[in-house]
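Small disclaimer: the values here were computed from a predicted structure and weren't measured. Both ligands and their constituent atoms are indexed starting at 1 by order of listing.
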Amino acid sequence: MLELYGRAISSRLLLGTANYPSPAVLQRAAREAGAQIVTVSLRREIAGGSGRVGGFWSLICDLDVQVLPNTAGCHSVKEAVLTAQMAREVFGTNWIKLEVIGHHDTLQPDVFALVEAARILVDDGFEVFPYTTDDLVVADRLLDAGCRVLMPWCAPIGSARGPVDKDALRSLRAHVPDIPLIVDAGIGRPSHAAAVMELGYDAVLLNTAVAAAGDPVAMAKAFALAIEAGHLAAGAQPLEPRDVAVPSTPVIGKAVFS
Ligand SMILES: CC(=O)[C@@H](O)[C@H](O)COP(=O)(O)O
């Protein structure tokens, strides 16, 4: 069982709620995924929602899931902190997925602003889920700031590239063995999700790969299965790759022809 800020969570797939073909598809996909946590953008879904507020919120309530509000689209400490504080009022939770975007093209987090905003929010009573890079020093700073979960990207948001630097993800896992690590952003296929889970990651948060798939409901199920498979594999001590062949069939008992 995964534990996040003292809460036991059985599903290791956290789902984003943006860009689905329709609210009904989002609802079916979240159910098919068995997601227990969904992330919701205050800015996109509420502030800019042109009358969707009530409908969207009742759809989320119907799902009976834990809401993880996010600060998607924020580019400064001030903006992120204010958005988090508004989200706490609107959604009635002190959980916040903290995003402070630093680079326009890659949507790479501004890790300096991220650490500063995390410190302010932790001091204000939030339980912060920071969207970060795989940098070890930034990870340490976020933990110093009071974060108890880290959410490194594996590729730029929406890129569907999958884990572009597995070695970096592996060394982050080794660096913070006791901290829940959730890969957030850049996953494109179920095999990507299985691969990061095999590295010992605790969970995956994804949005685009399900929302923009031809069949989001089927894809949600495929991701749930892949994440579970990767998690089971990580606990089952997978083999390390070898440079030489090793016969898998015993040589004893082999027919002798000469
Ligand atoms: C929904 C959300 O919070 C995204 O910002 C998140 O980072 C997911 O990224 P992908 O869309 O690449 O899965």
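- Interface of D184 with ligand 1, defined as ligand atoms under 4.0 Å from a residue heavy atom, comprises 6 (C), 7 (O), 8 (C).
- Of all the atoms in ligand 1, the ones that sit under 4.0 Å from a non-hydrogen atom of I157 are 5 (O), 7 (O), 9 (O), 12 (O).
- Salt bridge R173/D202: present, at least one basic N to carboxylate O contact under 4.0 Å.
- At least one test fails for R88 against the ring of W95: distance under 6.0 Å to the centre or angle within 45° of the axis.
- At a threshold of 4.0 Å, the pair K97-D184 counts as salt-bridged, since one of the basic side-chain nitrogens sits closer than that to a carboxylate oxygen.
- Taking a cut-off of under 4.0 Å to the non-hydrogen atoms of L206, the atoms of ligand 1 that pass are 13 (O).
- Listed by number with element, the atoms of ligand 1 under 4.0 angstrom from any heavy atom of G158 are 10 (P), 11 (O), 12 (O).
- Side chain to side chain, S10 and Q36 meet the donor-acceptor criterion of an N or O pair below 3.5 Å.
- Not close to ligand 1: A18, with no non-hydrogen atom less than 4.0 angstrom away.
- Atom 11 (O) of ligand 1 has its nearest heavy-atom neighbour, among L107, T208, N70, I187, in T208.
- Within a 6.0 Å radius of CZ in R189, no more than 12 heavy atoms belonging to other residues, nucleotides or ligands are found.
- Here R242 does not pair with E240 in a salt bridge; the nearest charged N to carboxylate O distance is not below 4.0 Å.
- The distance criterion of under 3.5 Å between nitrogen or oxygen atoms is met by K97 with respect to ligand 1.
- In terms of polar-atom proximity, defined here as any N/O pair under 3.5 Å, E99 does make such a contact with ligand 1.
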